[in-house]
Every structure is written in C-alpha cells, then in structure tokens.
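Note that the structure is a prediction, hence the values are computed from the model and not measured.
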Amino acid sequence: METVASILTDTYWSPYAAGIGIGLLSWLSFLISGKPIATSTTFARAGGMIENFITGGKAEQRPYYKKIKLKLNWQWMLVVGVVLGSFLSAIISGDLQFDVWVPSLWASAFGDSAVLRVLVALAGGIILGFGSRFAGGCTSGHGISGTLQLAVSSWVSAIFFFVGGIITAHIIYFVIA
C-alpha cells in the first residue's frame with residue numbers, strides 16, 4: 001500500500017485519487033466559503049484590472065465589469081494555488097523538465113518548433129477564455145461544481161467539453177497533422 005509521501009512523488013496520479021481529492025476540495029469550498037470552485041472569472045477580472053489600469057479606471061464602468069466586480073478574491077488564490085501546486089508537484093515527482101518545450105506527440109505530428117507550440121497553446125488559451133465566458137463558466141465551474149450541484153446547464157456544458165475536446169483532438173492529429 002502506498003503512503004501519502006510516495007503518492008506525492010508519483011509522476012501520474014490515479015484518476016480515482018484525484019477525483020476524490022477534487023470532490024473533497026469542492027465540498028470544503030462550499031462548506032467554508034459558500035461558493036463553488038471556479039477559475040475563469042479570475043482571468044476576466046485580471047483583464048479588467050489591466051484595462052482599468054491602462055484607461056485610468058474607465059473599465060470598471062463597463063456593465064460586464066460591474067457585474068463581476070474587479071477585485072482580488074478567493075478565486076485568485078485558487079488560480080495561484082493551481083500554478084504553484086503544479087510546479088511543486090513537478091519538482092517533487094522529478095518530472096520538471098525545463099529543456100522540453102515540445103511534447104513528443106506534438107513533435108511527431110507538427111515538428112519540434114517551440115515557437116509554434118507556444119503560439120498554438122496561446123491561441124488555444126484565448127479561445128478557451130472566450131468560450132468559458134460565453135458559456136458562463138469553465139471546466140472547473142461547470143464540469144466540477146455545476147455537475148456536483150446537478151445543474152442541467154453544467155451537465156450540458158460538461159458533455160460538450162468532452163465532445164469538443166474529442167473532435168478537436170481528432171481534427172488536430174488526424175486531419176491537420
């Protein structure tokens with residue numbers, strides 16, 4: 001039987017253990033803050049704060065930014081925690097590789113250009129950001145918290161996250177590549 005310390009050093013975690021961990025985190029989030037786990041609004045707020053800084057406070061007058069309120073809140077800590085936790089996990093498991101910018105699957109299909117990989121990842125992130133705002137939430141907001149609450153809109157969103165991901169992967173690796 002694995003110990004907690006040995007689990008933390010594994011490169012790949014059991015999806016069951018990760019699922020239980022996310023479920024417990026969701027439960028604690030509702031218990032402590034009364035709010036679901038979600039992250040995409042943080043990025044919209046960050047964009048609004050940057051725009052607010054550049055425009056001298058004009059952004060916070062926009063209806064959308066009035067609705068989401070340009071402020072630092074607990075979601076910021078979740079986003080920072082995900083980034084720091086991922087980094088720490090990569091260090092502890094020995095999987096951190098600064099010299100690998102292009103995964104082997106990508107390289108075999110599209111070549112080993114790190115610039116192309118970064119540009120495509122950036123474009124994908126931007127599209128994902130627009131999509132999550134259009135859908136009223138991201139994979140964590142809808143896929144974890146919303147489905148946990150049995151929200152029909154979240155179940156529909158989660159199903160289409162998977163459908164869209166499968167179709168996109170097939171297009172990228174079987175049509176484009």
Side-chain angles (χ1 to χ4, degrees), residues 4 7-8 10-52 59 62-93 95-96 103 105-106 117-172:
V4 173
I7 291 172
L8 294 177
D10 288 346
T11 303
Y12 298 99
W13 286 15
S14 159
Y16 303 109
I20 290 168
I22 290 170
L24 291 172
L25 180 62
S26 296
W27 180 77
L28 286 171
S29 177
F30 279 114
L31 180 69
I32 295 168
S33 71
K35 302 214 184 287
I37 291 176
T39 59
S40 63
T41 305
T42 300
F43 295 99
R45 284 187 180 121
M49 289 176 177
I50 292 168
E51 182 182 345
N52 214 24
R62 295 179 184 268
Y64 180 71
Y65 291 140
K66 283 182 180 180
K67 178 183 172 188
I68 65 169
K69 297 179 183 51
L70 301 180
K71 62 180 181 176
L72 295 177
N73 64 1
W74 68 274
Q75 279 187 1
W76 279 86
M77 297 306 108
L78 178 61
V79 170
V80 169
V82 166
V83 172
L84 292 177
S86 299
F87 183 70
L88 185 61
S89 176
I91 290 171
I92 291 172
S93 69
D95 198 41
L96 183 63
L105 180 61
W106 177 273
R117 175 70 172 137
V118 169
L119 289 176
V120 170
L122 182 63
I126 290 169
I127 292 167
L128 183 103
F130 278 108
S132 68
R133 292 295 77 214
F134 183 71
C138 58
T139 52
S140 58
H142 278 304
I144 297 171
S145 299
T147 57
L148 183 87
Q149 298 173 75
L150 302 178
V152 173
S153 61
S154 292
W155 278 97
V156 170
S157 293
I159 289 167
F160 280 97
F161 292 154
F162 282 98
V163 170
I166 291 166
I167 291 170
T168 302
H170 277 82
I171 289 170
I172 289 173

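In terms of heavy-atom proximity, S132 sits nearest to S40 at OG-CB, 3.4 Å. Among all heavy-atom pairs drawn from L72 and M49, the shortest one is N-CE, 3.6 Å. Pairing each heavy atom of Q75 with each of T41, the nearest pair is OE1-CB, 3.6 Å. Residue V120 comes nearest to W106 through the heavy atom pair CG1-CH2, 3.6 Å, listed as atom of the first residue, atom of the second, then distance. Contact detail for G146 and S154: the closest heavy-atom pair is CA-OG, 3.2 Å.
Of the inter-residue distances, the one linking I92 atom CD1 with D10 atom CG reads 11.5 Å to the nearest 0.5 angstrom. Once rounded to the nearest 0.5 Å, the distance linking CH2 of W13 with OG of S89 reads 5.5 Å. Interatomic distance, CG of L122 versus CD1 of I127, reported as 10.0 Å (0.5 Å rounding). Taken from OG1 in T11 to CG in D95, the straight-line distance is 5.0 Å, to the nearest 0.5 Å. Here the CZ atom belonging to R45 is positioned 13.5 Å from the CG atom belonging to N52, to the nearest 0.5 angstrom. Interatomic distance, CD of Q149 versus CD1 of I144, reported as 12.0 Å (0.5 Å rounding).
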Side-chain donor/acceptor pairs under 3.5 Å, residues 21-37, sequence neighbours excluded:
{"from": "S26", "atom 1": "OG", "to": "I22", "atom 2": "O", "distance (Å)": "3.0"}
{"from": "S29", "atom 1": "OG", "to": "K35", "atom 2": "O", "distance (Å)": "2.6"}
{"from": "S33", "atom 1": "OG", "to": "S29", "atom 2": "O", "distance (Å)": "2.7"}
{"from": "S33", "atom 1": "OG", "to": "K35", "atom 2": "N", "distance (Å)": "3.1"}

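For Y64, the OH atom counts as densely surrounded, since its 6.0 Å shell holds more than 12 non-hydrogen atoms of other residues, nucleotides or ligands.
Within the 4.5 Å cutoff, side-chain heavy atoms of F87 are placed close to those of L96.
Side-chain N or O atoms of T147 include one that pairs as donor or acceptor with a backbone N or O of G143 at under 3.5 Å. Side-chain N or O atoms of W76 include one that pairs as donor or acceptor with a backbone N or O of K71 at under 3.5 Å. Checking side-chain atoms of H142 against main-chain N and O of F161 turns up no donor-acceptor pair under 3.5 Å.
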side-chain contact (heavy atoms from CB on, under 4.5 Å) for L70 and E51? Distances and angles first, verdict last. CA-CA 10 Å; L70 301 180; E51 182 182 345; over 6 Å; no
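Here S145 pairs with nothing under the side chain to side chain donor-acceptor pair (under 3.5 Å) rule; sequence neighbours left out.
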